[in-house]
Every structure is written in structure tokens, then in C-alpha cells.
Amino acid sequence: MRDIYHDMSKFKVKEILLVSNLYDAFSINKEGRFSEIMLYDYGKLNLTSLPRITGVYSTEETLEQLEQKNIDMVVVTVGFNKQRPLKIIKKIKERYPDLPIFILLNNTHHIKFLEQQKDILGYDKIFVWDGESRIFFAMIKYLEDKMNAENDSKLASVRMILVVEDNPIYYSNYLNKLYRIIFKQTNKIIEEVKMDKLYKVLKLRARPKILLATNYEEALELFQKYKDNIFVMITDVQFPKNGKIEPDTGFQLIDEVRKQKSNLPIIVLSSDQKQRRVANEKCLTFIDKNDENLYQELIEQVTQKIGFGDFLFRNNKGEVIDKASTLKEFEEALKRIPQESIDFHAKKDDFSLWLMARSEIQLAKILEAKKAHHFKDIEEIRSYILKMLKAYRDEKPQGKVVPWEDTDCSNDKNIFLLSEGAYGGKGRGLAFINSLLHKTELASHLKGLKIKMPKTAIIGADEFDRFIEENNLQNLKDLNLSDEEINKRFLKARLSNELVKKLDELIDCFKKPLAVRSSGLFEDSLTQPFAGIFETYIIPNNHHDKNRRLQQLIDAIKLVFASTYSNVAVNYSRALDHKLGDEKMSVVIQELVGREHNGYYYPHISGVAQSYNYYPFAAMKPRDGFAVIAIGLGSYVVEGERAYRFAPKYPKIQLNSLQDQIKQSQSYFYAVDMKHPDINLLNGPYSAIKKVDIYDAIPHGTLTHLVSSYDFNNDVMYPGVDENGVLVTNFASVLQNEYIPLPEMIQDVLDNLKQAFDTPVEIEFAVDLTPDEDGDATFYILQVKPLLMPSEDYTFKPEELDKENLILYAEKSMGNGVINNIKDIIFVKNDRFDKTKTIEMAQEIENLNSKFQHTNYILIGPGRWGTRDRFIGIPVNWTQISKAKVIVETSLEGYPLDASSGSHFFHNLTTMNIAYFSVFLDKNPEAINYDLLNSADVVEETEYFKHVRFKKPVKVIIDGKKRRGAILRHPEENKK
């Protein structure tokens, strides 16, 4: 549809030459405040091409400007001296016969004389100026309409008003008033629809056009050429026919017009009251030119006949019984009005008229083609119109971010914008992927699994700025308040009334539990490591009291805003030397994917996938990517808990033994607790989340394709649920038996997004196995973000390493190059390690980390760094280890290492170019030389950690291509 608008109204008046004496030029510019009014009008009416006017006086100046510039229109003022401007007009026409020339008069006594000179001079039209500079606007738009009429009528069936009037005094005023009401009403409609600014400007091009005729022949020619487009005719009674004024020329024209278009609305204007009787006999609208309210009455009649304003539904007596201001209200009213009202309007084509006036061209043309007598009964008419409205809505642009005011709640193909401003990292990624989904046939070849996004809305960053400023929260970060106190202050503050109103509507539209997610400007960006620093709040959205649901949503948004001022966020900003005021916060509101099962709401599968695999094994290559999936909500995966890891390209590869699979299997999952809708969000982001044992989900019927059952007696594992066996979460039916093409879907999405971003990417997703109307499962993309791909240009040979000074060697590493400016190493004392004390360990490392100001250190410890599960690693957040430049994960006896899979952790890792090693001590006990570590000077020793410092910097080397790394003591260190 936009292509049509782009191709319409191609002729624009950009350059005007004003030929005038100094007095008239002064009068136009000063008394008429020409520049001020034109600039104001063009801005107010969403018009972008404000024409430039060049003033000249003499014939020489005129011809010189015409030679130098591409003039679109010449306006010649005729004052007391008629001869000078007429000579100039004649000269112009001699050299430029096709150039439009309008005469502008402020003295009506010259009209008759100038009309007698028209054939000699060849000017186009006379306009009368009464001191109001807006006549220029009418002249400009009249010329543009005249030049664009043929093209626009063919492209879009643009409606036209035919004005037949030979008196310049009247038609100057008619056009002035008509253009203003057309642009005012068109703008009102466009503002209601709340489209993007470019679309507003383009859609103005579909406004009604005005055609002006000053004699019978010209009027009939225009009518016959554009009769399918003309939907209102305004005509005088007396005007020339065959060069002579006849007393009833207007009625002769009307009779001829009605032979070809009997139902055309016609307005007759005359100063002769006798003509009213004739007009009434012909069922025509009559307006007296002598009426002091002439122009107001004309505007009212035209507005009604054009179809501007509200659609007033009437009964068969003509009484108003309902009304609609917007397309959405129109559709709703159609469902409830009585049959007699549909019959009343359908017979007069009122529906298509109103839609055309709103520039809904395609829909109007469809309805106009079907007449009332084409249907067997009134209900069939109603059904047809509603069906066409739905089809038209479904064909509208998809994959866009659209303002909430233009929302069709049932349409989940667009993202809804609740306030203006930047979308933030998550919002930007979601807007891009949604656009991509609807512009390409992403994964459309896969059978049995559809791809889509959950219903999503974005609160732009302008609301955050307003919220902070109007609630005087700017200096809150300087008060050293606790997070709890910060949250309480934010909850007391107020969101804008406009946003609250939209949120009130949103909870009627978004029916499922909601994730209220942070979307900071730096968050999830390629160069700013803020992933996981800000909060996401989950609300069940099922309270029986709508006001309580609304308040929970409002509170969640405020608390997401508050997370920018949390101690973690503030300390993190300081650690990265960011200004605390630089981060702005947008908010993403998404329906959670899943279904409710016995009071627990969760998806069958949640996961994270990356197009680059930092820890490939077997035949895998780094660029093959990997995925980590789990049952239930995705927080289990992104926080690095024990989930199932596989390569989408090789989903059936399983290197773990049967016993390891059982031991490392997911034993619980997270779900929204729907049994307790009254939640206190001050208890934290997971106030509504419940930890559910895998065995408790057996009655839900959700595990069939997600788990296998281990038979102890026969030492075998079967896909599916056997209550007598041990459940092992291995997604066998999906990955091994191909119940749905999930690996192919992940691979396809990663490949396409990697190409689109031109860098490796990470996605978060969820899968609902419940069959839709086509029997397909659904793959939902929840988030996408770019990753920095490590370079692969540095290499080394392990056999050439200096074994005497080798502190550490890792077969799995991440990063590339050489680091040779670190002297400090902090490592966990293995003999003191206790997996039940990992929270205390996180506190200790935070204290040690805080003592590093301008230097960095190497961190070594067992299990997953950054996990949320304290039993499989030390649950640090990023700020607690922000000064670590090299991080090493090790295995311990009874504590096997599984590479960290936390989404947020790895995003920050790659963004900050942190070297990362995985050392499997159970396979190679000598991979870390603890004797060399203990030989360094002890800086500090805590209960669980030891901080040592070498006199010379150690050398860290990472082979990016082979994915291996080493740390070596300086050769001179052993000479101390």
C-alpha cells in the first residue's frame, strides 16, 4: 500500500515566482504575514515541501529568474497599473507557454477587464486576495491537484470534488475554505491512526482532490474524465456555456451529469432565491450565496457528503442510533447495530464513502464494488463487511512497531509501542527479529513447527526520562540507599497518566502471565556488557480484580526502572567507568509462552542458542553453534543451571555415559505460581516463580516428549514417562526421534540471524508442543543479541611450552592473543572448597575484587562461575568479579565441570574480551601447577581463597583457532 502513496502526488509546487510591485509585495508579506502563516500552515498540516517564493518587479527580472530557476508557478499581482503586469504575462507566455500563471487581485473592479483579456494573455486563473495570505495555499494546492489528478485517479481511485463557479471572488473563497477543511479532517483521521510520521505524510496524498471549472464545457469534460472519482459536485446556476451566460446552465449540467451518475451528491449555490424551488424539485441541496453563513453552511454540507467526521449509524427514519470515530469502533458497532441500519446505509454506499474519506482506499473500493442487491439478506451484508475488515486488517503491514492507539489487540504480528523513545537493547533486537520474521520465509520449510514471537509491547525510554525527572529521582543514586529503599521510593512515584491508560487497556489484551523485562540502552549491545544487570519481573496476571492486575504491572515497570539505580548496576557502571546518568531504561512487556497445568504455568521447553560454540567437542566446530534447553521457564537456562546442552547440527551426539546423564539431569524447573495471584514484588523479581520437582509434572502430561525413563533392572533408558523408572531430562523424542524439527529450526534461525547481524548471535527461545489449529508445535523467539566473535590469529604449540614455568594449560579456552600485564592470581583453596558454602565464597571474592582499582587478576575456581545454582558453581554476579581479566573453571573430584551456559554471563564475557579457560582436572590432574601458584607472594588469604602476586607479570596465551590456552610464570621469577 505504501508504494501507491509513494507514487501519488508527484507534482509539487516548489518554486513560485511572484511578480509584484513593491507595495503589493509589502502588503502580502507584512500585512498578510505571508512567511509566518505559510510556515505554520505547512507544519500544522503535516506538509513537508514548503515552496520557495522569489519576488520580482520588472520584465527583465522576471525573465532572468525564469532562466535561472525551475519555476513551477507564476503569480502576478495586478494593482492600479494594469498594463505593466499584463505585458509581463504576455512575455512569459511567449517564452514558456506551458508555465501556469495565476493573476492575484486585491481590486475586484479589474475582474471583468481581465476576463476579457484571458484568450489574449493565456493566463490560467484569476484569484482574489482579501488580505489573507492563505489564498496562496489554495492556489498551490489547486495547481497540484490539477496536475496530479489523472495519475492519482488511476493509481488509487482518489475522490474528487468538482467545483463549477465562474466568479473568482466566490471560487477563491470556496477553494480556500474547502482545502482547509479537507486537510484538517484528513489530519485528524491520520492522528487517530497514529502511524509513523513518514506514513502520515504519504497518506495525506490520498486526500480528496479539488477540480475547478469556470464554464459548462470545462465542467462536463472534467466530469466525463473523472466521473468514477467525483463524489461531490458544487455548482453555480449561471455561468458560461458556448461563451454565453445562460440563466440555468447549472441545471443543464446537473441533468447531463445525472444521466451518467444518478446518485452523485450535488450542492447548488445561487444568489437567486428562485433557484431554490428548482433545486428542491430535483432533490438537490441548495445554499443561498447571500446567506451570511454561506461558507460555514457549505463546509457543513461538504463534510457530510465527503464522509468526514464520525460515522453516524441511522435507523430507517434517519435517526442516529450509534456512532464510530475510528475504524476499530466502526467494526465493533457493525456487530451490534440492527439490520435496518445496515440496510439504510448499504443502499446509499455510505460505508465505502466513509472509508474512502479516511484514505482506506483498498477497503473502500472492495465495498463499493458490492451493492446491497448483490446479497440475499442483511445479515449477509453484515458478515461480508466484517469479513472484509478483518481481511484488510490482516493484510496491513506486519512485523512493525506500531503505536498502541493503532492496535488491533488480536494481531500479534506487530510489536506495540506504548511510549516514544529508544527501544533499548532487548527492544531493538525484538523489533528487528519481528521485522525479519514477516519479511522473510524464515524456517517456513520446516514441517510441524511454526515460528513466531509472543505478544510484545515496548515502553520507549522517554517514559523513563519523564518518570525520573517529574518524580525528582535524579539524585537518588548519590544517597547510598539500600536496594530495598530505592525500590520503595520508585514504587511511590507515578507513571504518566497516558501510559497508565494504555496499560489499563493492555491487560485486557494480554491475557497470559507477563514478563516485564528491562531493556537498557546498553543492555545486550555489541560493545556494552550490561546483560543480566537489570531486572525482569514476572507477574501471573490472573487476579480476579483487574485493578490489582494493573497495579502489579505498574509496580513491575517501576521496579525495572529502579534496577538502573540498584547497587549492582551503580557499582557495575563505576567498574566500567560509565557515567551513571548515561544508561536509560526502556521496558519490554511480553506474554509468557506456555500453558497452565494444575496451577503452574510454563512452556514445554525454554532455551538459549548461540551461533558460535566456545566449547566444541567430537566432530563439532566452533562455528556450528550450540543450544542449551530445559523444561519450564527460561530463567533456569540463562542463569546457568544444569540444563541440556547439544549442537543443533549434531543433535544425536551424546558423549556422557548413561550414569553421567542420570547424575547431571535436570531435576526441577521453574513455573509461574498461578495459585497465588496476590504477589509482593518487593520480595524480588521471582516473587511469582515456583520451583517444581520434575516428578510433580507427571500429572500435567507435559513430560512425554521431554524425558526418558531409566530402567535399573535392565540398565536401559526408554523415551517417555515410566513411573517405575528414574526420569532423565534428555529430550530424546525431540532430539533423537525427531518428534519436531527443533534442531533444524534453531540452526536455520541462527544462520539467518548471523547473516543479518554480520556477527555471531545468541537467541533465547521457548517451545510450546501443544498442537495449534494445523497440528503444529510453536517455536517462539524471545530475544536476540549480537556476540563479539573472538579472533583466531594467534597460535602456539603445546609441546613447545616451557614446562618448568607452566602454571596452567587448558584444552578448552575462549579468547585469542597474549596478555602479559597481570601479576595477581586469586584461586580457590581446593582443600577448603565446600559446595554448600558457595554463597559465602561469592561474598569473599566480591571483597577481594573490590580492592583492585587499576589492575586486573586471574580467577581460578571449581564449577560454573556465574551460575544461579549454588551447588554446581560459585553464584557470583558480574560486578563481584568485574576486575578479573582471565577466568578459569576447573573440575574437582565428585564435582565435574560442565562449561558455563548462562546467557548473561557469556554475553558479558565476550563483550569485555575476557579470557576464559576450562580445565578438567579429573582428566588431567597436572593441568594446574598449584606448587607454582603457592610459590608466589601471598597478598591475602581468606577462608576459601588465596590471593598471590608474582614479582613479574605472568604470560597468558590463547590460541583462538585451536581453542586452547596456557598461563606461564615469567622465566626470571624462579631466580628470586
Side-chain angles (χ1 to χ4, degrees), residues 387 390-391 393-395 398-399 408-414 433-434 436-456 509-513 590-598 600-607 609 627 629-634 644 646 648 651-652 669 671-672 674 697-709 718-722 727 729-752 763-782:
K387 180 182 177 182
K390 183 180 184 304
R393 185 175 64 241
D394 291 344
E395 289 175 4
Q398 298 174 355
D408 169 17
C409 187
S410 63
N411 184 0
D412 60 358
K413 295 179 175 61
N414 291 315
I433 189 65
N434 195 46
L436 202 64
L437 281 176
H438 293 93
K439 287 182 179 178
T440 65
E441 295 184 355
L442 190 62
S444 60
H445 63 284
L446 298 176
K447 305 302 180 184
L449 186 60
K450 288 190 175 75
I451 181 171
K452 61 192 302 187
M453 273 180 50
K455 199 175 288 185
T456 302
C509 178
F510 285 43
K511 302 291 188 181
K512 300 178 180 179
Q590 280 187 318
E591 282 190 337
L592 282 177
V593 177
R595 309 271 171 164
E596 184 174 352
H597 307 279
N598 296 349
Y600 297 114
Y601 186 97
Y602 59 95
H604 291 91
I605 301 172
S606 291
I629 58 177
I631 298 169
L633 296 177
Y644 190 88
F646 68 97
K652 298 183 180 182
F669 62 93
V672 181
M674 306 295 283
I698 292 176
H700 302 169
T702 56
L703 303 181
T704 305
H705 302 290
L706 311 180
V707 302
S708 294
S709 300
Y718 302 101
V721 178
D722 182 347
L727 297 185
T729 307
N730 62 357
F731 304 93
S733 291
V734 173
L735 302 181
Q736 305 293 326
N737 301 327
E738 303 175 2
Y739 174 68
I740 58 169
L742 179 61
E744 294 88 343
M745 174 67 78
I746 295 171
Q747 191 70 52
D748 201 36
V749 170
L750 289 176
D751 288 345
N752 279 277
I763 61 169
E764 294 179 25
F765 59 89
V767 180
D768 184 1
L769 295 180
T770 308
D772 65 8
E773 62 274 11
D774 298 319
D776 296 334
T778 308
F779 179 91
Y780 290 89
I781 298 184
L782 308 180

Open item on the list: So does Ala766 get a backbone contact from the side chain of Ser606, meaning a donor-acceptor N/O pair under 3.5 Å?
Closed with: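 Such a contact is absent between Ser606 side chain and Ala766 backbone.
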Say you draw a straight line from [atom1] of [X] to [atom2] of [Y]; how long is it, rounded to the nearest 0.5 Å?
X	Y	atom1	atom2	result
Arg595	Tyr602	CZ	OH	12.5 Å
Leu782	Leu592	CG	CG	8.5 Å
Lys512	Glu591	NZ	CD	5.5 Å

Given side chains that start at C-beta, do those of [X] and [Y] come closer than 4.5 Å, heavy atoms only?
X	Y	answer
Phe765	Val593	no
Glu596	Val672	no
Leu769	Leu706	yes

Open item on the list: Determine whether Val749 and Ile781 satisfy the following criterion, side-chain contact (heavy atoms from CB on, under 4.5 Å), listing intermediate values before the conclusion.
Closed with: CA-CA 9 Å; Val749 170; Ile781 298 184; 3.8 Å; yes
What's the shortest heavy-atom distance between [X] and [Y], and which atoms?
X	Y	value
His700	Asn598	CD2-ND2, 3.4 Å
Met453	Tyr780	C-CD2, 3.8 Å
Gly594	Tyr601	O-OH, 3.0 Å
Val767	Phe779	CG2-CD1, 3.9 Å
Gln590	Pro454	NE2-CG, 3.7 Å

Exercise answer: donor-acceptor pairs, residues 732-746 side-chain atoms, under 3.5 Å, sequence neighbours excluded:
| residue | atom | partner | partner atom | Å |
| --- | --- | --- | --- | --- |
| Glu738 | OE2 | Lys652 | NZ | 3.4 |

- [ ] Return the set of residues passing side chain to side chain contact (heavy atoms under 4.5 Å, CB included) with Thr729 (not counting sequence neighbours), or none when no residue passes.
- [x]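 Counting only residues at least two positions away or on another chain, Thr729 forms a side chain to side chain contact (heavy atoms under 4.5 Å, CB included) with Ile631, Ser665, Gln666, Ile694, Val707, Phe731.
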Task: Asp772: partners by side chain to side chain contact (heavy atoms under 4.5 Å, CB included), with sequence neighbours left out - done: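 Result, side chain to side chain contact (heavy atoms under 4.5 Å, CB included) vs Asp772: Lys450, Asp774, Asp776.
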